[in-house]
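Since the structure comes first, as structure tokens, the remarks are kept for the end.
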Number of protein chains: 2
Amino acid sequence: MTERGGPRRVRMRDVAVAAGVSASTVANVLSRPDIVAPETRLRVEQAIRRTGFVRSGPARQLRGLPSPIVGSVVLDLANPYFAALNRGVEDRLAEAGCLLLTASTDLRPEKEGQLLDLLQEQAVRGIVIAPIGSDRGALLAASRRGTPVVLVDEPRSGLDLCAAAVDDVLGGRLAAEHLLALGHRRIAYLGATVESGTVTRRRAGVRQAVADAGLDPDDTVVDLRMVLHPPALVDAAAGAVDHLLALRPAPTAVLCLNDTAALGVLRRLHALGRRVPEDVSVVGYDDLPFAALLSPPLTTVRQPTYALGRTAAGLLLDEARPDHTHRQVLFRPELMVRSSTAPPPGEPAADPPPPTARRERR
Amino acid sequence: MTERGGPRRVRMRDVAVAAGVSASTVANVLSRPDIVAPETRLRVEQAIRRTGFVRSGPARQLRGLPSPIVGSVVLDLANPYFAALNRGVEDRLAEAGCLLLTASTDLRPEKEGQLLDLLQEQAVRGIVIAPIGSDRGALLAASRRGTPVVLVDEPRSGLDLCAAAVDDVLGGRLAAEHLLALGHRRIAYLGATVESGTVTRRRAGVRQAVADAGLDPDDTVVDLRMVLHPPALVDAAAGAVDHLLALRPAPTAVLCLNDTAALGVLRRLHALGRRVPEDVSVVGYDDLPFAALLSPPLTTVRQPTYALGRTAAGLLLDEARPDHTHRQVLFRPELMVRSSTAPPPGEPAADPPPPTARRERR
DNA sequence: ATGAAAGCGCTAACAA
DNA sequence: TTGTTAGCGCTTTCAT
């Protein structure tokens, strides 16, 4: 139908011939138009358009020019949290003319390792990664070999890398302090058997808050761990509710690893006829757009997701500068108190929320 | 601290020297290990590990090997619909050892054009695109020049390209038929001033259904169009509610362009003290995970989002086969009837929903 | 202002 | 079984 024999890619040479000049002149028109005679330039530009020439990125990279591609490795791009984070990264990079190549690890360290190799093979400009494996060695090695690596959602912990993270321990503390102030003394923390560092650190924050309140974390905090992956997170969370309700003494509140899990928890509690927050209090994490509109509106911890992504990208771009030094940017999470939390059953009126909390304006 | 003068990338030559062989032997160890003497192979493999060698993708591409990178161009990756779609694309590609490079157009045709150029410049293996501009010429040109292009969320319409799409007209029809059967005779369609083809086609489906019911679409369907971009979608949708309520005669139902917009509509209606569905019925689109958990649970149109992404990726991978012929895969949307829709105020009991609808199991 | 030439790191055909 | 060689398409001196 169209030309036979596979559409040969148009090269600079072809344009040169079409314009009656040499290849280097074509190159000059593209890279330093000012040093080409206006009339020649015009001829070349027309030839470029006429032939549909697109220059070859791979060839340019081979010549030593930097790739415009940055890699992003997240836990799961279908998770709205990472989607928003990634959008922040993408936007900041776009301002620098860069593109973002994203892949999900599904919390599997071996997949993370493969992706890291693949990205280095592509000679990307750098990598933004929310790591799951504990193998920081591979990250350090990549960085040392010339592929800058920026941690996101994970603190620097003394590593020779840049990092953009949220204070997860604080996030856990804020949520726990809120529940403790309401009078809860038996709190479930819904995590997973395989979970990211963020989730683990928040649990530590919860336990800290409990200890600071003079209570024993081992008595007060109940560890609930979902087995993920075959079931979708929201369903696994729903399933966890049955375990929760079977516990004795029964927890009066659940802290969920994120809003999506809270969604599943609410669904199952509704289905079982338990009232939220009268019978059980539920707290989410992330403050996704839908959190404020669930029934009841979800108390949750807000993270500056998009800004986090932008910041990580900014740190990565900065690595190209000669005077760059690795650094960490740490954001603060914020408790959003809504209607899914209340004093436990049989408790008098609540204390006021702690000063760090923000009660939502209408 | 580490080596001085920038960490020079390790090349095949370096490995060859370290192993005391030639570069081609190293290449052979990597590409056809079986033709290398076991003992030599071992020496080379050790040298590879010792030196931290990573082969150069750009150089391989220049030699004519295909890039493992596929480009994905969506309207907005922060939109959970596209995030899920993209995850489908990513997973299918991963099975073929490919990586996905995603960028958002924000519904801006000029950004779409730039991205297309950038991706072709990178000599990606192919492009999956949810197009916004009407400039199919650029897509066709890219395809003809050797970068396969697969349309997603957009029908083929006779173009010489593959496409994976959902029947949007049908989706609009289903939603409208449901409302008509409930007795609604004045229905608002909440779209945008700049909207994707999907949204436009659904409106057409709505009008068709109305016409088929013997009513005049111009009287029955009210066009509500949000100005997007400065305000986030959910806020813009909330704002549109005020316009909606000012209309005379007032619509008794709103069809929203997606679930996120429906979120905003519900929020504002609640804030204004209107009851859903008693005063106004609301219908979303996409059936995102939170839709079933809003108050009230949202009637919406489900799309096979993840499958759509997988299919698109599959079509793209198929383009590499010599006997490939372009084709379209069309999915059917499905109406999910929940509690945000009911007969209009002052209407007797509802007719049963049309046979295409699915009433959710508890 | 333009062109000739070298070479980036790799692969594949061919020679040894 | 291993090594030699000739480019892939481009950028960049360095002539002209």
Side-chain angles (χ1 to χ4, degrees), chain A residues 6-45 47-48 51-68 118 120-124 145-147, chain B residues 6-45 47-48 51-68 117-118 120-125 145-147:
Chain A
R8 275 262 303 105
R9 203 184 160 97
V10 180
R11 303 146 312 168
M12 228 173 222
R13 276 278 318 259
D14 304 321
V15 177
V17 170
V21 296
S22 78
S24 3
T25 298
V26 178
N28 282 337
V29 169
L30 259 33
S31 325
R32 307 124 72 181
D34 40 298
I35 75 155
V36 178
E39 155 197 314
T40 320
R41 192 198 317 170
L42 201 70
R43 261 205 344 276
V44 171
E45 280 165 349
I48 288 178
T51 54
F53 169 72
V54 188
R55 60 184 179 191
S56 154
R60 308 186 71 207
Q61 271 178 258
L62 196 51
R63 281 293 324 203
L65 305 198
S67 164
L118 258 173
Q120 283 176 264
E121 208 164 303
Q122 292 314 306
V124 296
R145 276 183 215 129
T147 304
Chain B
R8 274 263 302 106
R9 203 184 160 98
V10 180
R11 304 149 308 170
M12 227 173 225
R13 277 276 319 257
D14 304 320
V15 177
V17 170
V21 296
S22 77
S24 8
T25 299
V26 178
N28 282 337
V29 168
L30 259 34
S31 325
R32 306 126 73 182
D34 40 298
I35 75 155
V36 179
E39 156 196 315
T40 321
R41 193 198 316 171
L42 201 69
R43 265 209 336 280
V44 171
E45 280 165 349
I48 287 178
T51 53
F53 168 72
V54 188
R55 59 183 179 189
S56 156
R60 306 186 73 209
Q61 271 178 258
L62 195 51
R63 278 297 325 211
L65 305 198
S67 165
D117 288 345
L118 259 171
Q120 282 176 265
E121 207 164 304
Q122 292 314 304
V124 295
R125 167 114 38 132
R145 275 183 216 129
T147 304

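Because only heavy atoms are used, hydrogens play no part in the values below, and waters and symmetry mates are left out as well, while side chains stay in. The chains referred to below are lettered A, B, ... by the order of the sequence lines, with proteins before strands, and numbering in each begins at 1.
Distance, A:R11 CZ to D:dC8 P: 7 Å, rounded to whole Å. One atom, CZ of B:R13, and another, P of C:dC8, lie 9 Å apart when rounded to the nearest Å. Across the protein-nucleic acid pair, B:F53 atom CZ and C:dG9 atom C1' stand 8 Å apart, rounded to whole Å. If you measure from atom CE of A:M12 to atom C1' of D:dC8, you get 14 Å, rounded to the nearest angstrom. Here the C1' atom of nucleotide C:dA12 and the CZ atom of B:R55 are 14 Å apart, to the nearest Å. In this structure, B:R60 atom CZ and C:dC10 atom P are separated by 10 Å, rounded to whole Å. Here D:dG9 presents its C1' atom at 15 Å from CG of B:L65, a figure rounded to the nearest Å. Between the C1' atom of C:dC8 and the CG atom of B:L62 lies a distance of 9 Å, rounded to the nearest Å.
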A:R145 and B:R9: CA distance, side-chain angles, deciding distance, side-chain contact (heavy atoms from CB on, under 4.5 Å) verdict: CA-CA 7 Å; A:R145 276 183 215 129; B:R9 203 184 160 98; over 6 Å; no
Could you walk me through whether B:T51 and B:V10 pass side-chain contact (heavy atoms from CB on, under 4.5 Å), step by step? CA-CA 7 Å; B:T51 53; B:V10 180; 3.9 Å; yes
May I have the step-by-step check of side-chain contact (heavy atoms from CB on, under 4.5 Å) for B:V44 and B:V36, ending in yes or no? CA-CA 10 Å; B:V44 171; B:V36 179; 5.9 Å; no
Carefully, step by step, assess A:Q61 and B:Q61 under the rule side-chain contact (heavy atoms from CB on, under 4.5 Å). CA-CA 11 Å; A:Q61 271 178 258; B:Q61 271 178 258; over 6 Å; no
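Atoms CZ and CG, from B:R63 and A:L62 in turn, are 11.5 Å apart once rounded to the nearest 0.5 Å.
A residue-by-residue look at B:S22 and A:P58 shows that B:S22 has its nearest nucleotide of DNA chain D further toward the 5' end.
For the OP1/OP2 pair of C:dC8 and a distance below 4.0 Å, the side-chain nitrogens and oxygens of B:S56 include no atom meeting the criterion. Between A:T25 and the phosphate of C:dT2, there is no side-chain N or O to OP1/OP2 separation shorter than 4.0 Å.
With hydrogens and angles ignored, a donor-acceptor pair closer than 3.5 Å exists between the side chain of A:R63 and the base of C:dG7. For D:dT11, its base never sits under 3.5 Å from the side chain of A:S24 at any donor and acceptor pair.
Of the possible polar contacts, none joining the A:S31 side chain to the A:N28 backbone as a donor-acceptor pair under 3.5 Å is found. In this structure, A:R43 contributes its side chain and A:A19 its backbone to a donor-acceptor pair below 3.5 Å.
Across residues 27-35 of chain B, B:I35 each have a non-hydrogen atom less than 4.0 Å from an atom of DNA chain D (numbered order).
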